[in-house]
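By convention in this document, chain letters (A, B, ...) are assigned in the order of the sequence lines, proteins followed by strands, and residues within each chain are numbered from 1.
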Amino acid sequence: MPLSAQPAGSAEPDVLAASLDNARHLSSLLRAVHFQDHATCFATANGLRVTVEDAKCIQANAFIQAEIFQEYAVQEESVTFRINLSVLLDCLTIFGTSSVPGTSTALRMCYRGYGYPLMLLLEEGGVVTVCKINTQEPDELLDFDFCSTKVVNKIILQSEGLREAFAELDMTSEVLQITMSPDKPYFRLSTFGNAGSAHLDYPRDSDLMEAFHCSQTQTNRYKISLLKPSTKALALSCKVSIRTDAQGFLSLQYMIRNEDGQICFVEYYCCPDEDITEAEL
Amino acid sequence: MRFRAKIVDLACLNHFSRVINTIAKLAKTCTLRLTVSKLYFILSDKVANGGVSMWCELCQGNFFDEFQMEGVAAEHNEIYLELVPENLSRALKTAQAAKAVKIKLTNKHCPCLRVAVELPSLSSSSRIVTHDIPVGIIPRRLWNDFREPSVPDFDVSIYLPVLKTMKSVVERMKNLSNSIVIEANLSGEMNLKIETDLVSVTTHFKDLGNPPWASEDECQSSAQDRDLESMAEARIDIKKLQQLLAGQQVNPTKALCNIVSNRIVHFILLHEDVSLQYFIPALA
């Protein structure tokens, strides 16, 4: 249903205006990157990108391309603002989070530009909720400079294979060690916790392995507390691509299929843990 | 002073348990008033409760197969007990598949409500689980503190929206703000609003309907000449509203609220055999 947010006679058009028949297409993706209260929203003609960072070491991005929306218009080349993601999620899910088949919350989102709040209109079953969320100056974001030409190792796995592993990670370990190699053990996840060390190996010919392109043996460690939130994205996704570059920077890209079968992406970038400088096997 | 009662019917037992569960969610301690025909769970508006008061009324005949009550004296044939409803709720949890539940007022070492749950067993003799719930006997001279609150001289009376929707909205709003504004008019419109430095959220409900109050006495006079579109509003503690809504496990037959602008919101939730009134005062 078309929800008109523009008061009659207002001269300034919204710099960003978008409509979604099912707000869950947006809220579920945002939950997959919700590990800090604040996020930076970046809108271009291609769609919306929401970025969350922590400790200057980890960055998560949720991409909702323009085609997902029923209506999407951006009046400037790019629109950027910082917003409280917890508040945004509470507003998007104001009518509840359970997905009862047949009912969905319709969403209209409008932003007038710098200094204005983000306005949301949500409707379900004839009940309308209007939200105005204050926006702030966007932060300087990290640039991991991760491009496909610099990738040393890459594998693509079906998410179901990793879900249990990530859900049961030994959180008493400070790090998650990832080994990728053209030789055994091919792909190994290791933790070193209070009860001992645990290693989980995935053979390259496993059914879950969709692609395996490892040219060099690399072992890198990442702070487990920083990577743990990626479990949410993993739970939603059907496939995940795991890539590392020469410096050991990690890129996790999750392919997520929404209720209507459309594909969206969430990616996590993580710096290797600086305390460890030598590769170990 | 004597009190004994027995429930044998499982449906009545489950219904009674649900009522007790609701009361337990609303009050840590409350007063149980027993008369020949009814039970009342009462919370009076003390500062300790944040000024909230509650009046819940049940007809004993709808729940109990046997009910014998002898009050403190012939002219005052009632018993007033102070109890922790959570204790009663927990005792009744063991009765989900019971053959019978007997409740009795005892005074072995101190006054207690003895709840004896008879459970089915494979052998010929039943298993009985007994819970002794400590209660306080409230003396006759204090009974005036627990009189039924009168319906306030409200500005607007309106039916509540579907509780499930109202519950979801209030739960989310609780994450964002400590207080909530309820406003409603005589055209069946109600808005729930929160506003903080970070965010403002308003949910609009329409076509709710306004209950027709029989205007025999003058108590609704302030409502009668009122402009239909004009909103009566009150800002209340959002946790109290959320507790009230969370405690409703079954949809009531009738649910409405009366708003006295900037003073109090009076909620009335009616089920077939239980009526619950809940008063939430407006914040200063």
Side-chain angles (χ1 to χ4, degrees), chain A residues 1 3-5 7 23-24 27 30-31 34 36-39 41 81-100 102-112 115-137, chain B residues 158-185 187-210 229 231 233 238-239 241-249 251 255-257:
Chain A
M1 79 160 244
L3 297 167
S4 171
R24 276 195 299 272
S27 59
L30 294 184
R31 275 222 217 91
H34 181 214
Q36 287 284 288
D37 273 343
H38 286 94
C41 293
F81 54 84
R82 183 175 177 255
I83 196 164
N84 187 316
L85 185 55
S86 309
V87 170
L88 177 57
L89 275 168
D90 276 328
C91 291
L92 288 173
T93 56
I94 195 87
F95 292 113
T97 47
S98 61
S99 45
V100 180
T103 62
S104 63
T105 306
L107 165 72
R108 180 154 178 88
M109 208 162 66
C110 317
Y111 178 61
R112 285 250 203 107
Y116 285 92
L118 177 69
M119 190 145 120
L120 304 176
L121 276 105
L122 296 122
E123 184 266 327
E124 183 174 305
V127 182
V128 174
T129 298
V130 181
C131 311
K132 292 203 181 84
I133 309 173
N134 285 341
T135 58
Q136 293 111 36
E137 287 281 348
Chain B
I158 188 167
Y159 288 113
L160 294 182
V162 172
L163 285 195
K164 182 163 164 292
T165 308
M166 199 175 169
K167 212 190 286 197
S168 300
V169 169
V170 171
E171 252 171 47
R172 285 285 174 276
M173 287 182 168
K174 185 163 90 72
N175 293 340
L176 303 170
S177 168
N178 290 329
S179 68
I180 185 173
V181 170
I182 300 187
E183 62 175 26
N185 64 21
S187 303
E189 292 171 340
M190 175 190 281
N191 299 327
L192 297 175
K193 307 194 293 196
I194 59 123
E195 187 165 342
T196 68
D197 289 337
L198 284 179
V199 62
S200 73
V201 181
T202 305
T203 298
H204 303 269
F205 296 95
K206 288 181 154 46
D207 300 324
L208 295 175
N210 301 92
E229 305 284 309
M231 292 277 179
E233 69 163 59
I238 204 173
K239 262 219 292 283
L241 178 58
Q242 192 261 336
Q243 275 168 354
L244 173 65
L245 297 172
Q248 294 303 301
Q249 295 165 326
N251 272 329
L256 58 109
C257 77

> A:Ile94 versus B:Met173: any side-chain heavy-atom pair under 4.5 Å?
Replying inline: yes
> Is the shortest heavy-atom distance from the side chain of B:His204 to the side chain of A:Val130 under 4.5 Å?
Replying inline: yes
>> Going by the rule side-chain contact (heavy atoms from CB on, under 4.5 Å), which residues pair with A:Gln36 if we only count those two or more places apart in sequence or in a different chain?
In response: A:Val52, A:Asp54
> Would you say the side chain of A:Cys91 lies within less than 4.5 Å of the side chain of B:Val199, judging by non-hydrogen atoms?
Replying inline: yes
> Counting heavy-atom pairs under 4.5 Å to chain B, which of A:Gln136, A:Glu124, A:Lys132 comes out on top?
Replying inline: A:Lys132
> So which part of A:Asn84 gets closer than 4.5 Å to some heavy atom of chain B, the side chain, the backbone, both or neither?
Replying inline: side chain
> Where on B:Asn191 is there a heavy atom nearer than 4.5 Å to chain A: the side chain, the backbone, both, or neither?
Replying inline: neither
> Does B:Arg172 reach the side chain of A:Thr97, with side-chain heavy atoms less than 4.5 Å apart?
Replying inline: yes
> Checking heavy atoms, do the side chain of A:Ser86, its backbone, both or neither come under 4.5 Å from chain B?
Replying inline: neither
> For B:Asn175, does the CG atom have more than 12 heavy-atom neighbours from other residues, nucleotides or ligands under 6.0 Å away?
Replying inline: yes
>> Counting only non-hydrogen atoms closer than 4.5 Å, does B:Ser200 touch chain A with its backbone (N, CA, C, O), its side chain (CB onward), both, or neither?
In response: both
>> So, taking the atom named OG1 in B:Thr196 and the one named CD1 in A:Ile133, what distance separates them when rounded to the nearest 0.5 Å?
In response: 10.0 Å
> If every non-hydrogen atom of B:Ser168 is compared with every non-hydrogen atom of A:Gly96, which pair is closest and at what distance?
Replying inline: CB-N, 3.9 Å
